[in-house]
There are 2 protein chains.
Amino acid sequence: MIRAAEQRLQPVVRKTPMLNSPFLDEIAGRQVLVKAECLQHTGSFKFRGGYSALSGLPDIKGVIAYSSGNHAQGVALAAQMHGVEAVIIMPGDAPVSKIENTKALGAKVVLYNRATEDRDALGAELADQSNLTLVKPFDEPLVIAGQGTTGLEIATQAAEFSVAEAQVLVPCGGGGLASGISLALAAEAPAMLVRPVEPAEFDDAARSLALGERVSNTRLSGSICDAIITQSPGEITFPIMQKHCGSGLVVSEDECLKTMALAFSYLKIIIEPGGAVALAAALFHSDEIEGDTVICVATGGNVDADMFARALAKHP
Amino acid sequence: MIRAAEQRLQPVVRKTPMLNSPFLDEIAGRQVLVKAECLQHTGSFKFRGGYSALSGLPDIKGVIAYSSGNHAQGVALAAQMHGVEAVIIMPGDAPVSKIENTKALGAKVVLYNRATEDRDALGAELADQSNLTLVKPFDEPLVIAGQGTTGLEIATQAAEFSVAEAQVLVPCGGGGLASGISLALAAEAPAMLVRPVEPAEFDDAARSLALGERVSNTRLSGSICDAIITQSPGEITFPIMQKHCGSGLVVSEDECLKTMALAFSYLKIIIEPGGAVALAAALFHSDEIEGDTVICVATGGNVDADMFARALAKHP
């Protein structure tokens with residue numbers, strides 16, 4: 001399914017660069033390669049899954065999706081490219097730029113309260129009413145396959161650096177990207193090991209992997225890492241992660257902000273807080289990582305200017 | 001010479017992406033493609049020219065260069081990769097990060113006063129004393145050839161967007177990049193026209209092209225576009241620009257800062273003020289440009305955090 005998604009995505013997806021810097025290598029104590037998916041269309045890898053779903057599902061009249069903003073924009077652009085309607089359910093506390101850009105891509109946006117309303121139920125209800133097809137953010141095979149195309153590119157690009165063996169750190173919300181990449185690498189680069197990375201206090205995937213069963217976060221708001229805050233790993237994604245991923249890593253919000261500032265200085269890319277957790281783990285938790293090379297996915301760059309200015313103020 | 005430089009650079013250079021955004025297209029009123037050389041090694045295209053010179057000159061024991069910071073870092077990294085010494089003469093008012101990064105790449109940095117000292121004379125004197133080879137920032141055929149490799153990539157990447165005809169806006173200091181790209185495109189994409197872009201009050205290239213002779217700027221400091229402030233177009237670069245380039249474009253500092261903020265939002269890349277002039281012209285001077293597509297080179301991203309925060313404050 002990942003290879004089929006790659007075929008459908010080939011004419012439209014941006015093959016994002018694998019970046020590096022001697023300055024980051026020095027901080028991390030090993031070679032650091034950064035897969036810059038913040039440079040993907042709509043500013044995050046989510047375009048891959050959205051386009052994979054739109055192009056892979058038969059007879060779509062329109063789509064509905066719930067999202068903190070990145071899946072929203074990915075689905076909105078994919079729907080626009082397919083000439084169909086998109087309705088997106090977004091939390092009211094999502095970054096303003098994510099809400100505005102989703103609207104500008106032609107989608108109808110419905111806001112909900114992240115703390116008190118269940119977006120899954122809301123999505124199902126609206127889909128029933130409106131005859132739109134629900135595109136789930138992670139627990140959907142076509143979406144996982146789309147995100148998995150990132151893994152195919154990582155395998156190819158790492159080989160260009162003569163790297164066959166590495167831990168691959170992946171920011172983790174519901175686990176669509178981590179599970180997709182882990183499946184791709186199991187086939188294409190079996191000496192690579194995906195490790196999901198989350199912010200402290202929202203480490204449902206790390207705890208679930210450690211316990212061997214899906215557990216939930218106690219709260220679902222109040223993190224600057226809005227892009228990767230989910231209740232728990234997915235029903236479909238978790239068994240894949242159990243089979244193919246290593247243990248989870250956890251970073252602090254302060255480490256995310258410092259990482260955003262270091263990526264500004266040494267990679268010249270914008271990373272949002274949730275997209276920075278993997279590189280943050282590589283830079284500030286190197287004793288929890290093994291190997292000469294670590295690969296980090298920078299998943300998105302959709303951050304408001306005031307939050308980015310806050311990160312720059314943390315500049316070392 | 002450009003094709004030979006491409007061969008030497010091939011194993012080490014980063015093939016930077018050609019980025020775009022529907023939001024920028026809308027502002028510009030035409031398709032905008034951005035060649036993101038800020039993602040090049042050392043954060044600017046200057047690595048191309050530096051590496052081209054180091055790999056193309058015979059029997060180098062060490063190099064000396066004068067630079068406001070981007071050529072400095074490009075030459076410093078190229079020297080480090082060739083295992084030879086680098087001495088870099090930099091203006092005391094260059095961004096702190098450029099000076100520090102040049103030192104961190106192993107170069108010896110000598111500071112001079114941009115307003116009162118002649119860097120050409122200082123460079124020649126130090127080269128004589130120390131038996132180092134002077135690598136000029138633009139008036140050196142091997143450097144022009146290295147920068148010209150950007151043009152070969154632009155021709156290939158534009159073709160992937162089915163674009164054969166376009167004005168190609170290039171930030172212009174001494175004209176090494178503009179002349180190099182114009183030579184490459186004359187061979188590879190003859191329906192493309194390079195137009196140099198400069199900041200207001202430092203528009204020596206635009207005035208020189210209009211007058212048909214090299215004229216100088218009245219001052220050499222006091223611009224936020226430090227990377228592209230030079231006295232006049234080069235002796236070697238100017239005749240090439242006269243033959244192959246269209247008329248120059250001029251933008252304001254305020255337009256540069258706004259452009260940096262828009263690139264933050266819609267491309268997720270860091271552009272420094274001098275590297276933003278081409279995209280600024282595309283966005284804010286569209287009536288001075290012709291054609292359905294405009295290609296802009298974002299030449300560098302080496303900007304201090306406080307200057308970038310100043311740009312973010314201009315966010316529309």
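Letters A, B, ... are given to chains in the order of the sequence lines, protein chains preceding strands, and every chain is numbered from 1.
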So how far is it from [X] [atom1] to [Y] [atom2], rounded to the nearest 0.5 Å?
X	Y	atom1	atom2	value
N101(B)	Y266(A)	CG	OH	5.0 Å
F264(B)	S97(A)	CZ	OG	7.0 Å
D306(B)	L312(A)	CG	CG	9.5 Å

Quick one: what part of L267(A) sits under 4.5 Å from any heavy atom of chain B, side chain, backbone, both or neither? backbone
Check: R14(A) side chain, N20(B) main-chain N or O, donor-acceptor pair, under 3.5 Å: yes
Closer than 3.5 angstrom, by distance alone: can the side chain of K268(A) be matched with the main-chain N or O of G301(B) as a donor-acceptor pair? yes
Of the backbone (N, CA, C, O) and the side chain (C-beta and beyond), which part of D304(B) lies under 4.5 Å from a heavy atom of chain A, both, or neither? backbone
Top contributor to chain A contacts, counting heavy-atom pairs under 4.5 Å, from T42(B), T16(B), N302(B): N302(B)
I270(A) and I269(B): which non-hydrogen atoms are nearest, and at how many Å? CG1-N, 3.9 Å
